[in-house]
Amino acid sequence: MSLATKYNPSDIEDKWYKHWMEQKFFASKPDPKKEPYTIVIPPPNVTGVLHMGHMMNNTIQDVLIRRARMQGKEACWVPGMDHASIATEAKVVNMLKEKGINKNEITRDEFMKHAWEWKEKYGGIILQQLKKLGASCDWDRERFTMEEDMSAAVIEVFVDLHKKGYIYRGTRMVNWDPEGQTALADDEVNFKEVQGKMYHIRYQIEGSDDHLIIATTRPETIMADAAICINPNDERFTHLKGKKAIIPLINKAIPIIEDDYVDMEFGTGCLKVTPAHDINDHEIGLRHNLEVIDIIADNGKLNDKAQILVGEDRFVARKKIAKLLKEKDQLEKEEDYTNNVGHSERTNAVIEPKLSTQWFVKMEELVKPAYENVMNDNIKLIPPKFKNTYKHWMENVRDWCISRQLWWGQRIPAYFLPDGDFVVAQNDEEALQLAKEKTGNQDLKADDLKQDEDVLDTWFSSWLWPISVFDGFKDPDNEDFNYYYPTNDLVTGPDILFFWVARMIIAGYEFKGELPFKNVYLTGIVRDDKGRKMSKQLGNSPDALGLIDKHGADGVRVGLLFSAAAGNDLLFEEKLCEQGWNFGNKIWNAYRLVEGLEVKEKDTPIEAMKARDWFEARFQDALREINDHFSKFRISDALMTTYKLIWDDFCSYYLELVKPPYGEAIDKETYEATITFFEDILTILHPFMPFLTEEIWHQITDRGDKDCVIVNHWPIEKDYDQAILHDAKTAFELVSQIRNIRASKGISPKEALTLHVKTKSEMIYQEYISVIDKLANIEELAFTTEKIDQAVSFFIGSDECFIPMEGTIDVEKEKEEIQKELDYNKGFLKSVKKKLENERFVSNAPAQVVEMEKKKQADAEAKIKTLEDSLANLG
RNA sequence: GGGGAUAUAGCUCAGUUGGUUUAGAGCACCUGCCUUACAAGCAGGGGGUCGUAGGUUCGAAUCCUACUAUCCCCA
């Protein structure tokens with residue numbers, strides 16, 4: 001059976017994924033004889049589809065988990081999803097709307113039934129997509145943050161924190177989404193530049209004909225004004241101090257107060273203070289004890305406190321107010337104004353700052369161990385530059401608003417008594433019991449208690465993820481939890497360092513007294529070639545599955561990893577995936593060469609013996625480097641070292657050296673060594689390119705179902721011959737030089753050449769002549785103590801080499817080249833001499849460094865001398 | 001407004017406690033090759049004085065200061 005000349009990933013990828021699943025290679029169970037290696041997936045949003053960022057960070061996780069598995073660890077990668085309250089609820093509401101059902105007209109239970117149906121039907125596409133990428137998760141362990149046990153953990157934690165006094169109710173200016181009818185976290189708000197208007201409104205001063213002018217983008221909120229604020233240093237308004245201003249249209253007098261907050265440069269220097277509808281105004285209000293008048297209802301319409309335009313939408317009201325003001329001649333002017341307006345990430349509605357009662361977690365105490373254990377590197381952030389960011393956040397941590405006005409999520413386990421007091425309990429019965437104790441009223445019934453309508457923030461589930469996926473709350477002493485927790489590495493994006501990572505660390509210490517993971521690898525953010533973050537709005541994100549179809553999963557994985565230094569954003573170019581495929585194709589063809597060889601019992605040629613010895617050492621050399629890169633999470637570098645080992649060393653040198661002349665057979669010994677090397681290479685490449693390596697692994701020979709590269713053992717580091725690497729490097733450099741001469745002189749590789757060498761150590765040349773011959777077609781090697789006339793010359797270290805070339809030498813060009821090299825060496829010598837002539841260098845620098853400089857000087861001087869001689873010889 | 005990060009070849013990045021040459025890699029580029037595994041390939045080559053200005057040091061891409069530019073986070 002002959003192999004296709006081009007590697008076609010789609011022929012094999014599904015086949016091997018299925019095989020791995022059937023053989024249960026991804027499955028893990030506690031094995032005390034083995035060291036556990038655990039990763040929990042950053043749970044993707046249940047509504048999500050695979051995008052570049054997911055591919056990036058899941059590829060990294062897969063590389064880590066596959067390598068750990070090959071190293072003989074009990075590798076466990078737990079997959080799963082979070083329930084994404086807001087996004088999912090929005091999807092379900094839309095779905096219902098299409099069916100003609102209004103969320104407000106159905107019960108909570110009915111809604112939840114629809115939501116679960118939606119989840120079962122449409123949720124979790126992303127996990128199927130991860131399989132295409134090759135993700136070797138233990139799918140039997142898949143978890144979901146809304147499933148029963150995980151939810152129970154969330155409730156348990158809420159109750160526990162409440163008991164400890166960390167949970168409180170508070171009034172807070174929240175980002176209110178009037179369309180989604182919920183408060184949003186800051187990170188769920190997108191700021192967009194919006195073309196609006198700045199309205200200049202005239203407020204009359206009480207008891208005078210004088211007036212002041214305020215500039216605002218939100219005239220519809222004037223009815224909620226509690227004061228006018230001026231800067232105490234603003235001399236323009238000294239005369240207004242202590243007076244009152246009258247709100248137009250409703251003719252209400254409000255005080256004129258003074259506060260440094262007011263920017264004298266901005267607007268008119270007079271600020272209307274609306275404590276209920278602006279976060280900064282709210283703070284001013286607190287400082288000056290101002291009345292809070294909330295005139296906007298939850299649905300974004302003006303309520304009766306507004307007195308006028310009651311029931312109008314805020315944007316409609318804005319226009320109408322402007323018109324009314326104009327009619328009363330109280331609108332000084334309108335001008336165009338661009339400002340940054342927050343929009344809901346989910347519904348795209350303009351965010352309304354709104355005062356509301358929410359549930360909060362007090363963070364100051366909780367944060368302490370999480371702070372310390374990152375600062376002292378018990379938990380390592382990779383790259384460490386994120387420690388600074390983390391530190392800053394932890395030192396300025398704010399309380400965490402955990403309530404969301406939604407149904408899809410864990411309902412807050414707080415039960416309100418008729419008098420407005422409340423109890424917090426795991427369930428209805430417990431709540432009733434507590435309520436009875438609290439009130440002393442034994443006649444209370446379940447119906448008298450009303451559970452809080454809100455649910456908990458999704459992060460309040462996912463911060464427990466590393467613990468709850470192993471049922472560490474439900475059953476704290478279970479075998480899985482004891483074995484797999486704490487987990488090893490967490491791979492995620494820096495954008496959720498606070499929202500998720502920091503909170504998991506907090507939860508780890510608070511609930512288990514221990515770190516949840518040892519290393520946090522923060523990947524870069526995938527951007528497009530213009531440096532823009534990939535987003536749905538911009539439509540600049542390539543179709544992830546389309547990329548896999550086009551370049552193969554292995555190609556995409558390699559393409560992503562090529563430019564993925566930890567913590568550095570990567571500018572994604574599809575070309576990189578193509579390069580990934582090219583690499584696969586290269587290996588495919590290397591295998592085609594090996595597979596097509598005819599094997600015979602015969603003597604091994606010297607160059608093949610050399611090649612074997614060299615590659616064995618070279619492989620070990622690279623293996624050490626790769627392991628070192630992995631130990632430092634330099635995944636991209638580990639891949640690049642592997643890439644060069646395979647492409648440059650194995651294909652370009654090793655295979656070229658052992659390849660028999662056309663039509664001849666290869667000796668058995670070399671063939672077998674080559675197959676072994678090939679298997680070694682497939683093994684270390686497997687984490688990066690799982691599909692291709694598995695396919696070739698099975699092409700090599702008929703193997704049993706269990707004999708797969710995915711479970712092959714990662715190579716052991718062995719001692720190796722350093723000298724052979726050094727010598728071979730010299731020989732390859734010589735080969736390169738000879739090829740260079742052929743290229744520049746237009747000499748065909750088929751034309752054999754003679755090589756003369758002027759050297760003190762002839763050994764290396766003698767040993768490697770067959771290698772040099774095979775790669776550079778040198779039929780004769782001679783040693784000389786004199787210059788060779790009519791020859792091109794070049795240096796290998798301080799050895800001078802000559803290739804006679806009668807009649808073909810262009811003397812002028814030759815002189816030019818020698819002169820160029822001479823100039824370089826002279827310049828170099830000068831810099832070395834400068835150092836050595838500096839007494840302070842010689843006396844202060846380590847002896848080793850001085851020694852090195854002296855050697856450099858001697859080498860350079862010798863080289864300069866021979867170059868000058870050559871120049872003289874050429875006349 | 002507060003905090004953080006980054007600046008090295010055309011592009012994307014390495015450069016690990018300051019000293020292995022006058023700074024490396026991949027891609028791109030240029031030249032020559034359809035050599036029988038691979039033209040999505042092979043061989044060879046050019047290209048940067050390390051954002052700017054100072055400082056510390058025998059020695060700075062590397063440490064310090066200021067400036068400039070870009071990005072991120074928080075308000």
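Proteins come first, then strands; the chains are lettered A, B, ... in the order of their sequence lines, and each starts at number 1. If you're wondering where the values come from, they're calculated on a predicted model, not measured in any experiment.
Contact between the side-chain N/O atoms of A/Ser748 and the OP1/OP2 oxygens of B/C33 is not found at any separation under 4.0 Å. A close approach under 4.0 Å does not occur between any side-chain nitrogen or oxygen of A/Asn388 and OP1 or OP2 of B/G3. Between B/C74 and A/Tyr390, no contact under 4.0 Å exists linking OP1 or OP2 to a side-chain N or O.
Counting only distance, with no hydrogens or angles, the side chain of A/Asp637 and the backbone of A/His629 share no donor-acceptor pair below 3.5 Å. A/Asn825 places no side-chain N or O within donor-acceptor distance of the main-chain N or O of A/Ala860, the cut-off being under 3.5 Å.
When A/Val658, A/Ile772, A/Val771 are each tested for a side-chain contact (heavy atoms from CB on, under 4.5 Å) with A/Glu607, only one passes: A/Val771. Only one option out of A/Leu497, A/Val501, A/Val520 pairs with A/Phe386 in a side-chain contact (heavy atoms from CB on, under 4.5 Å); it is A/Leu497.
Remark: the separation of the P atoms in B/C11 and B/A28 is 15 Å, to the nearest Å. Atom name C1', nucleotides B/G48 and B/A23: the rounded distance is 9 Å, in whole Å. Comparing B/G24 with B/C50, their P atoms are spaced 15 Å from each other, to the whole Å. B/A39 and B/A60 are spaced 45 Å apart, taking the C1' atom of each and rounding to whole Å. The separation of B/U36 from B/U21, taken at their P atoms, amounts to 39 Å, rounded to a whole angstrom. Rounded to the nearest Å, the gap between the C1' atom of B/G47 and that of B/G26 is 15 Å. Between B/G18 and B/A75, the distance separating the two C1' atoms is 40 Å to the nearest Å. If you take atom C1' in B/A40 and the same atom in B/A69, they sit 39 Å apart, rounded to whole Å.
In summary, the aromatic rings of A/Tyr643 and A/Phe688 are positioned with their centroids too far apart to meet the 6.0 Å limit.
Among B/G26, B/G45, B/C58, the nucleotide with an atom closest to any side-chain atom of A/Asn740 is B/G45. Distances from the side chain of A/Arg398 to the nucleotides B/A28, B/C74, B/G26 place B/C74 closest. Nearest to the side-chain atoms of A/Arg739 among the listed nucleotides B/G2, B/A14, B/G44 stands B/G44.
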Check: Taking it one step at a time, do A/Lys659 and A/Glu656 satisfy salt bridge (Lys or Arg N to Asp or Glu O under 4.0 Å)?
Finding: CA-CA 5 Å; A/Lys659 186 160 84 175; A/Glu656 290 301 330; 3.4 Å; yes
Next item on the list: Test A/Arg624 against A/Asn627 for side-chain hydrogen bond (donor to acceptor under 3.5 Å, both in side chains), laying out the working first.
Entry: CA-CA 5 Å; A/Arg624 277 182 27 174; A/Asn627 284 339; over 6 Å; no
Next item on the list: Take A/Phe732 and A/Tyr653, measure what ring-ring contact (aromatic ring centres under 6.0 Å, His included) needs, and give me the verdict at the end.
Entry: CA-CA 9 Å; A/Phe732 292 155; A/Tyr653 285 116; 3.9 Å; yes
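Residue A/Phe794 contributes atom CZ, which lies 14 Å from atom C1' of B/G44 at whole-angstrom precision. Counting to the nearest Å, the P atom of B/A23 and the CZ atom of A/Phe828 are 10 Å from each other. As a whole-Å value, the separation of A/Lys385 NZ from B/C73 P is 14 Å. The CG atom of A/Asn777 sits 16 Å away from the P atom of B/A43 (whole-angstrom rounding). Protein atom NZ of A/Lys644 is 14 Å distant from nucleotide atom P of B/A14, rounded to whole Å. In this structure, the NE2 atom of A/His392 is 9 Å from the C1' atom of B/C73, given to the nearest Å. For the pair A/Asp637 CG and B/G24 C1', the computed distance is 12 Å after rounding to whole Å. Whole-Å rounding puts the A/Gln579 CD to B/C11 P distance at 18 Å.
No contact: A/Tyr7 has no heavy atom under 4.0 Å from any strand. Among the protein residues, A/Arg634 comes within range of the nucleic acid bases, having at least one heavy atom under 4.0 Å from a base atom.
With the 3.5 Å cutoff on both pairing distances, Watson-Crick and G-U pairs in RNA chain B assemble into runs of at least 3 at B:1-7 with B:68-74, B:10-13 with B:24-27, B:29-33 with B:41-45, B:51-55 with B:63-67.
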Sort me out a list of protein N/O and nucleotides 35-42 of chain B N/O pairs below 3.5 Å, or just none if empty.
residue, atom, partner, partner atom, Å
B/A37, O2', A/Asn589, OD1, 2.6
B/A37, O2', A/Arg592, NH1, 2.8
B/A37, N6, A/Glu656, OE2, 3.0
B/A37, N3, A/Asn589, O, 3.0
B/A37, N3, A/Ala590, N, 3.2
B/C38, O4', A/Asn589, OD1, 3.1
B/C38, O2, A/Lys586, NZ, 3.1
B/C38, N3, A/Lys586, NZ, 2.8
B/G41, OP1, A/Asn582, ND2, 3.4
B/G41, O3', A/Lys586, NZ, 3.3
B/C42, OP1, A/Lys586, NZ, 2.7
B/C42, OP1, A/Trp647, NE1, 2.6

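Annotation: side chain of A/Gln737 is not in contact with side chain of A/Phe795 (no heavy-atom distance under 4.5 Å). A 4.5 Å side-chain heavy-atom check between A/Glu861 and A/Lys833 finds at least one atom pair inside the cut-off.
Salt bridge status for A/Lys632 with A/Asp628: present, with a side-chain N to carboxylate O gap under 4.0 Å.
Heavy-atom distances to RNA chain B give each of A/Lys863 and A/Trp393 a nearest nucleotide, and the one nearer the 5′ end belongs to A/Lys863.
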